[in-house]
Structure formats: C-alpha cells, structure tokens
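Source: prediction; values computed, not measured. Computed over heavy atoms, backbone and side chain alike; hydrogens, waters and symmetry mates excluded.
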Amino acid sequence: MGTARQADRADSTEQRRRQLLEAAERVVLRDGPGASMNAIAAEAGITKPILYRHFGDKGGLYRALATRHTDALLASLRAALDAPRERRERVEATLDTYLAAIAAHPQVYRFLMHPAEDSSSSERGFDVGQHSAPLLRRLGEELAKVIAERLDLGPESEELARVWGHGIVGMMHAAGDWWLREKPCDRARLVRHLADLLWGRLAAAGDRVGGPRF
C-alpha cells in the first residue's frame, strides 16, 4: 500500500510539474526572453516559492523547458530523416523541419537561445545565453549518431560523423537565427541554399550496409 501511495504522489507531482511547465510556456510565448519567475508564478496561480520548490531556480525551470522542446524537435528531425524519400529530399526535409520549428514559435526560440535584453525590470528574466551551447551540443551529438548509424564514411567514420553532426547543427542554428531576424528570403529558398552547401560529401557517401538509409 505504501508503494501505491508513493506512486500516486509521484504521478501527482509529475502532473503538477507538467502544468507549471505549460504555464511557463504561455508566459514565454507572450514575453520571450523577458519571461520572469514572477510572471510564470502569477500565470500558474501560485507563489514564487512554490515554483522554486518544483524547479530549484530559474536555471532549473529553463532546463526543464529546454529539455521539453529539444525532445520534441529531435523527434521531428528523426521523423524527417526516416521518411521514405531520396537522400536529397530527406536532407531538405530535415533542414525545413528545424526552420519550421523556430518560425512557428519564435518567442520560445528566442527564450531558449537568447538572453533577456531588457534591464529595466527588477527581475531581468532568464540569463539563457549561458545555456544555449549545451542545447546545440545535444542536437549535434544526436545528429552525429544518426550519421554514424546510416553512412559509411570510411576509416574515419566516427570522427567525421561527429564533425558533420555538430557542423550541420551549427550551420542550421546560425543561418536560422539570421533568417528569423531578417527574413531575407522565404523558407523554401533558404532550405535549397543550405542543402546545396551540404550536398557535396553527403551525395558521395554510401549508405552503411545493413543500416537505415540517410
């Protein structure tokens, strides 16, 4: 019976945590990088100490939101890579999936990748700049695994997979960040331009024998 009560408490805590993250997302969608713990607590209808109790501090809440969104993005990227298309189409679909994700929720993207710039508030929001690099590293490592699983890159396969994984993520991030701010062209044109840049070695690499296609 004690184990059942513990499981119920764990489920209740997880449900409450999910509700608080959903409240935080609503504030982020409204305020972007300027989202504050005060605003999130008010949105959730609780006091700030209760919010701290669940997440520890602003950094803890940020990491929970970052994990939630990165998990969803990775699932979408893997779905694009698994689609039954030719390799060039899968590359373009993967690039488009990333760009579509940041364009769909630009405030969330800015919250995750850019520090708050408004210093007039008593609580400056989340200093997220120091946390964006780990997110990009995680995306790079995940893409490196996919490349290593799917492409035969010869004797330097492991090293090249990691270089390519992090390089492609860095390119997507830098180009996507610039594009989101300036919108110099439509998304489809940007996807084609980036795919052209990547296409040389990707086109020449063979599929790994027995593995899924890239």
One should read off an interatomic distance between L95 CG and I168 CD1, to the nearest 0.5 angstrom, of 8.0 Å
To the nearest 0.5 Å, atom CD of Q19 lies from atom CD of Q15 at 5.0 Å
Audit row: S36, K58, side chain to side chain contact (heavy atoms under 4.5 Å, CB included) steps and yes/no: CA-CA 8 Å; S36 69; K58 289 189 292 187; over 6 Å; no
May I ask you to check whether Y62 and F111 place their ring centres under 6.0 Å from each other?
yes
* With a 4.5 Å heavy-atom cut-off, do T97 and M172 have their side chains touching? -> no
Other residues, nucleotides, ligands: >12 heavy atoms within 6.0 Å of E149 CD: yes
Residues 138-147 side chain polar contacts: donor-acceptor under 3.5 Å, at least two apart:
{"unit_1": "R138", "atom_1": "NH1", "unit_2": "D71", "atom_2": "OD1", "d": "3.1"}
{"unit_1": "R138", "atom_1": "NH2", "unit_2": "D71", "atom_2": "OD1", "d": "2.5"}
{"unit_1": "E141", "atom_1": "OE2", "unit_2": "R162", "atom_2": "NE", "d": "3.3"}
{"unit_1": "E141", "atom_1": "OE2", "unit_2": "R162", "atom_2": "NH2", "d": "2.4"}
{"unit_1": "E141", "atom_1": "OE2", "unit_2": "H166", "atom_2": "NE2", "d": "2.8"}

So CD1 of I40 and CE of M37: to nearest 0.5 Å the spacing works out to 6.5 Å
* To do: Tell me yes or no: between the side chains of Y109 and D177, is some donor less than 3.5 Å from an acceptor?
  => yes
Quiz item: Above 12 or not: heavy atoms from other molecules or residues under 6.0 Å from NE2 of H173?
Solution: yes
Heavy-atom closest pair (L99 atom, G176 atom, distance to 0.1 Å) is CD2-CA, 3.7 Å
Looking only at heavy atoms, the pair that brings L112 and A66 closest together is CD2-CA, 3.7 Å
Inset, instruction - Assess whether side chain to side chain contact (heavy atoms under 4.5 Å, CB included) is satisfied between L21 and L65, documenting all intermediate values. - result: CA-CA 7 Å; L21 285 173; L65 282 171; 3.8 Å; yes
Legend entry - NZ/NE/NH1/NH2 to OD/OE distance under 4.0 Å, R87 and D207: yes
All N/O donor-acceptor pairs, side-chain side in residues 184-194, below 3.5 Å, sequence neighbours left out:
{"unit_1": "D186", "atom_1": "OD1", "unit_2": "A188", "atom_2": "N", "d": "3.3"}
{"unit_1": "D186", "atom_1": "OD1", "unit_2": "R189", "atom_2": "N", "d": "2.8"}
{"unit_1": "R187", "atom_1": "NE", "unit_2": "D96", "atom_2": "OD1", "d": "2.7"}
{"unit_1": "R187", "atom_1": "NH2", "unit_2": "D96", "atom_2": "OD1", "d": "3.4"}
{"unit_1": "R187", "atom_1": "NH2", "unit_2": "D96", "atom_2": "OD2", "d": "3.4"}

What I'd like to find out is whether the side chain of D196 reaches to under 4.5 Å of the side chain of R88, using heavy atoms alone.
yes
To the nearest 0.5 Å, atom OG1 of T94 lies from atom CG of L77 at 6.5 Å
Heavy-atom nearest pair, A93 first then R85, reads CB-NH1, 3.4 Å
Return yes if some donor-acceptor pair links the side-chain N/O of E92 with the main-chain N/O of E89 below 3.5 Å, else return no. no
Taking every heavy atom of W199 against every heavy atom of V91, the minimum-distance pair comes out as CZ3-CG2, 4.1 Å
Worksheet item: Does some side-chain heavy atom of L151 sit less than 4.5 Å from a side-chain heavy atom of R208?
Response: no
* Asked: Any side-chain heavy atom of R16 sitting closer than 4.5 Å to one from I46?
  -> yes
Which donor-acceptor pairs under 3.5 Å do the side chains of residues 25-33 make with protein atoms, sequence neighbours left out?
{"unit_1": "E25", "atom_1": "OE2", "unit_2": "R68", "atom_2": "NE", "d": "2.7"}
{"unit_1": "E25", "atom_1": "OE2", "unit_2": "H69", "atom_2": "NE2", "d": "2.9"}
{"unit_1": "R26", "atom_1": "NE", "unit_2": "E43", "atom_2": "OE2", "d": "2.8"}

Run the side chain to side chain contact (heavy atoms under 4.5 Å, CB included) test on L198 and W164 for me, step by step, so that the C-alpha distance in whole Å, both residues' side-chain angles and the decisive distance to 0.1 Å come before the verdict. CA-CA 10 Å; L198 291 172; W164 287 16; over 6 Å; no
- Message: When you compare the side chain of V108 with that of I102, does any pair of heavy atoms fall below 4.5 Å?
- Response: no
In this structure, CG of L153 is separated from CD of E159 (nearest 0.5 Å) by 11.0 Å
Taken to the nearest 0.5 Å, the spacing of L74 CG from Y98 OH works out to 11.5 Å
Original post:
Side chains of F55 and R63: closer than 4.5 Å at any heavy-atom pair?
Top reply: no
